[in-house]
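Along the sequence shown, the residues carry numbers beginning at 1.
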Amino acid sequence: MKILFSICFIILTLFSGATEIKIGLFYGKNIESIVISVVEGEYSLCGNFSVIRSIESGSIFQIDQSDSKIYIHDADASFGPFERVTFVPKSRNAIFSVRPVFPALMAIESDDRIDILAEGSFLKLINSIDIEKYIAGTVEAEGGSNAMPEYYKAQAVLVRTFAVRNYYRHAQQGFNLCDDVHCQAYKGKSRMNKQIYF
């Protein structure tokens, strides 16, 4: 019965059009502070599900966690405390960049929505992304940017199958898959090869 359900779920996902998937970013890292910026498009900045303001490309924010609360700062103002901060895209081409400051880690760019939650002494980052965009980013992260087109096609099938088959792997943590090799490596938006780029 479980196998039949999995097969039906895969078939429905493959043919039902765009589906959203939630990715836990910087999985396993104890993040206390990040810098987030809008690379393309427009977002609504929300705190605890209420809109704070609209933001455009070029907007930069520092987000810190203190006493299980989230505080947001930009060049003009400070906001908070919140339990959850969300950057909600206003268009399909919305892209953000997020860089952990403490600990210092490499930035990633990704598409669509990001939720930042206060969890204990750390921040939890969840990227809700169109599964096709996730597949493109994961194909590039897993396979590099210099392979042949047939390799990318095969890799895309593998990535999609794994994502659908393991869709609930991190459900108890509030997302579907992590960005680490525990699931599939996801290092953000596919940018290096136009054959992969979504």
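Using a distance-only test at 3.5 Å, with no hydrogens or angles considered, a donor-acceptor pair links the side chain of D74 to the main chain of D76. Remark: side-chain polar atoms of N48 are paired, donor with acceptor, to backbone N or O of R84 under 3.5 angstrom. In terms of modelled atom types and a separation under 3.5 Å, the side chain of N127 and the main chain of I114 share no donor-acceptor contact. Under a 3.5 Å cut-off, the side chain of D180 and the backbone N or O of A185 do not form any donor-acceptor pair. Using modelled atom types, one side-chain atom of R169 and one backbone atom of H182 make a donor-acceptor pair closer than 3.5 Å.
Within a 6.0 Å sphere centred on OH of Y151, heavy atoms belonging to other residues, nucleotides or ligands number more than 12. At most 12 non-hydrogen atoms from other residues, nucleotides or ligands lie less than 6.0 angstrom from CD of E56.
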task: Test side chain to side chain contact (heavy atoms under 4.5 Å, CB included) on V38 and F96 and set out the steps.
output: CA-CA 5 Å; V38 177; F96 65 87; 5.6 Å; no
- request: Could you walk me through whether R92 and D111 pass salt bridge (Lys or Arg N to Asp or Glu O under 4.0 Å), step by step?
  value: CA-CA 8 Å; R92 183 162 167 74; D111 296 278; over 6 Å; no
- request: Run the numbers on I95 and K189 for side chain to side chain contact (heavy atoms under 4.5 Å, CB included), then give the verdict.
  value: CA-CA 9 Å; I95 302 168; K189 186 170 184 63; 3.4 Å; yes
message: Determine whether Y134 and I23 satisfy the following criterion, side chain to side chain contact (heavy atoms under 4.5 Å, CB included), listing intermediate values before the conclusion.
response: CA-CA 9 Å; Y134 167 75; I23 308 301; 3.4 Å; yes
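Minimum interatomic distance between V88 and C46 (heavy atoms only, all atoms of both residues): CG2-SG, 4.0 Å. What you find for I116 and I63 is that their closest heavy atoms are CD1-CD1, 4.0 Å.
We find the OG-CG distance between S68 and L117 to be 11.5 Å, quoted to the nearest 0.5 Å. Atoms CG and OG1, on L158 and T138 in that order, are 12.0 Å from each other to the nearest 0.5 Å. Taken from CD in Q155 to CD in E140, the straight-line distance is 11.5 Å, to the nearest 0.5 Å. Rounded to the nearest 0.5 angstrom, E132 CD and I21 CD1 are separated by 10.5 Å.
Using a 4.5 Å heavy-atom cutoff, the side chains of S91 and E42 are not in contact. Counting only heavy atoms from C-beta outward, the side chains of V101 and R99 approach each other to under 4.5 Å.
One finds a salt bridge joining E119 and K124 here, because a Lys/Arg side-chain nitrogen approaches an Asp/Glu carboxylate oxygen to under 4.0 Å. A salt bridge is defined here as a Lys NZ or Arg NE, NH1 or NH2 lying under 4.0 Å from an Asp or Glu carboxylate O, and K22 with D115 fails to meet this definition.
Side-chain polar atoms of S128 and D112 form no donor-acceptor pair below 3.5 angstrom. A donor-acceptor contact closer than 3.5 angstrom is absent between the side chains of T86 and Y43. For the 3.5 Å distance criterion, the side chains of E40 and N93 fail to qualify, holding no donor opposite an acceptor. In this model, a donor atom of one side chain and an acceptor atom of the other lie less than 3.5 Å apart for S33 and Q62.
Taking the centre of each ring, H73 and F79 stay at or above the 6.0 Å mark.
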